[in-house]
Amino acid sequence: MSISFFRAALLRCLLAVSLLGACLGIAQAQDRQAITGTTVSLVPLAGFTPAKTFAGLESASTKASLLVAELPPQAHEQLAPLFKDIEKAKTNFARQNITVDDIESIETGAGPAPLITGSQDVNGTSYDKWMVLLKGEKTVLITVQSPDGADLDPDDIVAMLKTVSLGAPPSIAEKLKALPFTVTAAEPFRIIDTLGGAGVLMTAGPLDADPSGTQPIIVVAYQLSAPIPADKLEASAEALLKQTKNLEAATIAKRERVTFAGSPGVLLTGTATDRGTEKRFAQYMAVGADGRFVRLVAIAPASAYDAMKGGIEKVAASIAFAAK
């Protein structure tokens, strides 16, 4: 896989959860709790329970959120510079409407870790944000966020993050079980890993890590942000396509209405140029009963796409929203 593609997908997945943020308030801590499908355990603030649609915790009453996203260990060297240099952090996160205020080091149960504090504007609402980067058997990125003006004590947030410890990675089967959708790999694709408890990465080829981006890939991801109206599906699908790494300048050749994830969906197909190589893509997207969507993006060299098409279609046909 391409680390840059995976990192971009991770950051989009991570930053989208800002709409789940809300006040934490001053509260007593609970017992240590493992975050399902990840290497992370921590002592959450009172009122936090396992999230139903991502790897992390949420508060039903306040809608506060803590999101855990994990990448392969080699991804740490890609993300670490953003957590060491405040100017780099400001420049990179500004692309997601995030204002970085400070970077500091905190002591956690997994050792010292850099912590970024700042805010993000989403649809006219500002959210306070805390992001901490840790290195264990996985690269771990944890985000806590809350709407501006909520009765939130930053010391409570930092205290919770200091309780984080890292254990052995869960199995792929355990990670897949924790997803908000079901999916099955189909030849020639195989599952590499899950993404932030809300996505899956697949590839076809001998390499698990493919910095050159020559191997076909499939990314399936569930929406973490606010619901979208069903009548905005096609417009939203096109907008998201243009925000996808290596597909920003993609040409859409065909738009189709399809059934996807058991719901009315849209399929966009076309071409793109990535580092001088012509590629073809397919993007499936559908909105579930709660207004949240699941999206599949498949990208392959144009010369290999026809051989991949059957596998892509089988993976797409296997996807369904999980019963919660």
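Computed over heavy atoms, backbone and side chain alike; hydrogens, waters and symmetry mates excluded. Source: prediction; values computed, not measured.
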Response to the item:
Paired with Met285, the side-chain contact (heavy atoms from CB on, under 4.5 Å) test is passed by just one of Leu240, Leu267, Val297, namely Leu240
Worksheet item: Of the non-hydrogen atoms in Thr203 and Pro216, which two are nearest, and what is the gap between them?
Response: OG1-O, 2.8 Å
Worksheet item: Would a 4.5 Å heavy-atom cut-off, applied to side chains only, mark Val294 and Leu296 as touching?
Response: no
Discussion item. Pair Thr214, Thr277 - check side-chain contact (heavy atoms from CB on, under 4.5 Å), show working.
Written reply: CA-CA 9 Å; Thr214 58; Thr277 300; over 6 Å; no
Item to complete: Answer yes or no: is there a donor N or O on one side and an acceptor on the other, between the side chain of Thr91 and the main chain of Lys88, under 3.5 Å?
Response: no
Worksheet item: Under 4.5 Å between any side-chain heavy atoms of Leu79 and Leu71, yes or no?
Response: yes
Worksheet item: Say you draw a straight line from CG of Leu82 to CD1 of Ile116; how long is it, rounded to the nearest 0.5 Å?
Response: 7.0 Å
Worksheet item: Would you say the side chain of Leu115 lies within less than 4.5 Å of the side chain of Val158, judging by non-hydrogen atoms?
Response: yes
Fill in: Atom pair CG (Asp210) and CD1 (Ile217), whose distance is rounded to the nearest 0.5 Å
8.5 Å
Worksheet item: Salt-bridged, Asp274 to Lys245, with N to O below 4.0 Å?
Response: no
Worksheet item: Considering residues at least two apart in sequence or located in another chain, which fulfil the side chain to side chain contact (heavy atoms under 4.5 Å, CB included) criterion with Thr39?
Response: Glu70, Lys138, Val140, Leu166, Pro169, Pro170
Practice prompt. Please answer whether the main-chain N or O of Lys52 pairs with a side-chain N or O of Glu58 as donor and acceptor at a distance below 3.5 Å.
Written response: yes
Discussion item. I want to check something: taking the side chain as every heavy atom from C-beta on, are Lys129 and Ser119 in contact at a cut-off of under 4.5 Å?
Written reply: no
Worksheet entry | Pairs where residues 296-307 contributes a residue and the test salt bridge (Lys or Arg N to Asp or Glu O under 4.0 Å) is met, not counting sequence neighbours | Arg280-Asp306
Worksheet item: Would a 4.5 Å heavy-atom cut-off, applied to side chains only, mark Leu42 and Leu57 as touching?
Response: yes
Worksheet entry | Minimum heavy-atom distance between Trp130 and Leu161, given as atom pair plus value | CB-CD1, 4.3 Å
Practice prompt. Please list, chain by chain and in numerical order, all residues satisfying side chain to side chain contact (heavy atoms under 4.5 Å, CB included) with Thr108, sequence neighbours excluded.
Written response: Ile106, Ala110, Ala113, Leu134
Worksheet item: Between Ile103 and Lys90, is any pair of side-chain heavy atoms under 4.5 Å apart?
Response: no
Practice prompt. Give every residue pair that meets the salt bridge (Lys or Arg N to Asp or Glu O under 4.0 Å) criterion with at least one member in residues 95-104, sequence neighbours excluded.
Written response: none
Worksheet entry | Expected output: side-chain Glu248 to main-chain Asn246 donor-acceptor under 3.5 Å | yes
Worksheet item: Any side-chain heavy atom of Leu133 sitting closer than 4.5 Å to one from Thr139?
Response: yes
Discussion item. With a 3.5 Å distance limit and no angle check, can you tell me whether Gln215 reaches the backbone of Leu207 through a side-chain donor-acceptor pair?
Written reply: yes
Worksheet item: So which pairs with a foot in residues 250-260 pass side chain to side chain donor-acceptor pair (under 3.5 Å), sequence neighbours left out?
Response: Glu238-Arg255
Worksheet item: Is any side-chain heavy atom of Gln120 closer than 4.5 Å to a side-chain heavy atom of Thr143?
Response: no
Practice prompt. Compare every heavy atom of Pro112 with every heavy atom of Ser105, then report the nearest pair and how far apart it is.
Written response: OG-CB, 4.1 Å
Practice prompt. Not counting sequence neighbours, list each pair that qualifies as a ring-ring contact (aromatic ring centres under 6.0 Å, His included) and has a residue in residues 265-292.
Written response: Phe260-Tyr284
Worksheet entry | Donor-acceptor pair, side chain of Arg292 and main chain of Tyr222, under 3.5 angstrom | no
